[in-house]
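Data block below; observations after.
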Amino acid sequence: MATINTEKLSSARFAEATNAFVEVFTASVNFDQRMAQQDIQGSLAHAAMLGKIGILTEQELTDIQHGLAQISGEIERGEFVWSVKQEDVHMNIEARLTDLIGIAGKKLHTGRSRNDQVATDIRLYLRSEIDVILVQLKRLQIALLDVAEREADTIMPGFTHLQVAQPVTFGHHLMAWFEMLCRDQERLQDCVKRINVMPLGAAALAGTSYPIDRHMTAELLGFSRPSNNSLDSVSDRDFAIEFAAVGSLIMMHLSRFSEELVLWASAQFDFIDIPDAFCTGSSIMPQKKNPDVPELVRGKSGRVTGHLMSLLMLMKSQPLAYNKDNQEDKEPLFDTVDTLINCLRAFADMMPHIKAKHENMYASAKRGFATATDLADYLVRKGMAFRDAHEVVGQAVRLGLNSGRDLSELTLEEMQGFSLSISADVFDVLKLEGSVAARNHIGGTAPEQVRKAIAVARVLVGS
Ligand code: ARG
């Protein structure tokens with residue numbers, strides 16, 4: 001037998017047809033080959049450790065290192081021939097290694113099992129993909145800061161219940177998105193702490209009888225430490241679930257941004273223009289320009305939350321230790337990674353090109369009696385109780401509604417009809433500019449505060 005385990009699934013117990021099917025059915029190589037470089041990385045560290053404790057001779061270690069380097073190159077160049085017969089990425093690489101270097105290749109698996117190997121590969125893989133995700137997330141954060149700076153003075157309606165509530169600045173609105181991404185970034189970095197623990201050495205489930213040096217392997221692979229319990233190490237995928245949960249939150253946030261962009265780009269809001277490069281037309285309606293990117297990102301958020309559910313259900317009720325169920329962790333995980341990178345990238349690319357339609361935003365804030373609270377606050381400053389002020393402003397809004405005017409368009413005499421506390425200075429607070437400028441405290445919407453928040457944020461993200 002030239003390579004290991006080729007006959008494993010085709011034993012005489014199975015009829016030929018079933019055999020062939022089961023072989024394909026149980027194989028994971030078509031998707032787990034994505035972790036090939038991590039698998040090689042793990043094998044190199046394991047081999048170096050076996051060399052140090054005297055299980056491999058210097059020559060054997062050198063042979064393994066050369067063989068794995070060649071395999072790594074073959075995979076990178078797309079020359080490696082993956083075989084379903086070898087079931088998964090681990091067996092494929094090991095079989096090729098043995099083809100290349102003979103007996104030393106067969107010694108690599110000493111003191112190791114695919115169970116601790118696969119757990120190690122996933123952790124290495126996730127650790128490096130999180131770095132890529134963080135790069136895209138930061139690009140989006142910086143893009144948001146740039147647009148927020150540009151739009152620090154731009155007035156738009158702020159909404160509650162999707163009804164015009166109070167005027168805000170567009171810069172402030174964008175900085176709300178920025179804040180969400182800051183927490184997402186923290187969560188990503190936090191889950192790396194639990195990902196970056198090394199399972200190698202747990203072997204199949206109980207550890208190994210060889211005098212392995214797990215600290216050495218952990219250090220070589222950049223893990224913070226070896227794991228504490230062999231059974232736990234090969235079985236739990238909580239770290240992957242946690243990552244998917246963080247990913248779901250990121251996508252939930254992106255879906256909220258998306259929804260707003262879609263609404264704002266509609267003729268009914270008409271607050272923004274999404275550049276043509278990020279939209280497509282309709283095959284039947286020539287006038288259409290559809291906000292495809294945000295729509296698609298909104299849709300993909302459901303997909304990532306679905307992966308989180310898959311992984312939770314996959315792990316639920318599994319007895320210790322490793323079960324083949326866990327092979328099903330890869331596809332949801334890989335798709336979560338791809339979706340996050342692509343969506344963050346699309347948003348980061350698109351954001352700088354979003355054009356705010358200032359006049360429309362302003363007019364919309366004006367139409368919605370957005371300064372009603374400002375009028376109430378004005379009356380309170382003149383000595384009226386807030387509830388009474390609320391009532392007076394309600395009457396003023398009704399007059400505005402009936403006569404098709406904003407509060408700032410009512411005459412002084414009309415307003416004094418509701419309260420004699422009102423004098424000519426009321427028009428300062430009824431202006432949208434006055435309203436936003438008045439909210440001048442940490443976290444407020446005043447342009448001055450938005451600029452301060454941006455400055456703090458720039459230091460934080462280093463832009
Ligand atoms: N392909 C397997 C997986 O993805 C590797 C571990 C297989 N271990 C085993 N004992 N069958 O989980």
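Both ligands and their constituent atoms are indexed starting at 1 by order of listing.
Counting heavy-atom neighbours within 6.0 Å of Tyr210 OH, excluding the residue itself, gives a total of 12 or less.
Atom CD of Gln41 is separated from atom OG of Ser128 by 8.0 Å, given to the nearest 0.5 angstrom.
For the ring-ring contact (aromatic ring centres under 6.0 Å, His included) test, no residue two or more places apart in sequence or in another chain qualifies with Phe223.
Near ligand 1, heavy-atom contacts under 4.0 Å come from Ser28, Asp32, Asp88, His90, Arg114, Asn115, Val118, Tyr322, Gln327, Lys330.
The six-membered or imidazole ring of Phe170 lies away from that of Phe271, with a centre-to-centre distance of 6.0 Å or more. Ring pair Trp177/His172: centre-to-centre distance not below 6.0 Å.
Arg237 and Asp329 are joined by a salt bridge, as a carboxylate oxygen and a charged side-chain nitrogen come within less than 4.0 angstrom of each other.
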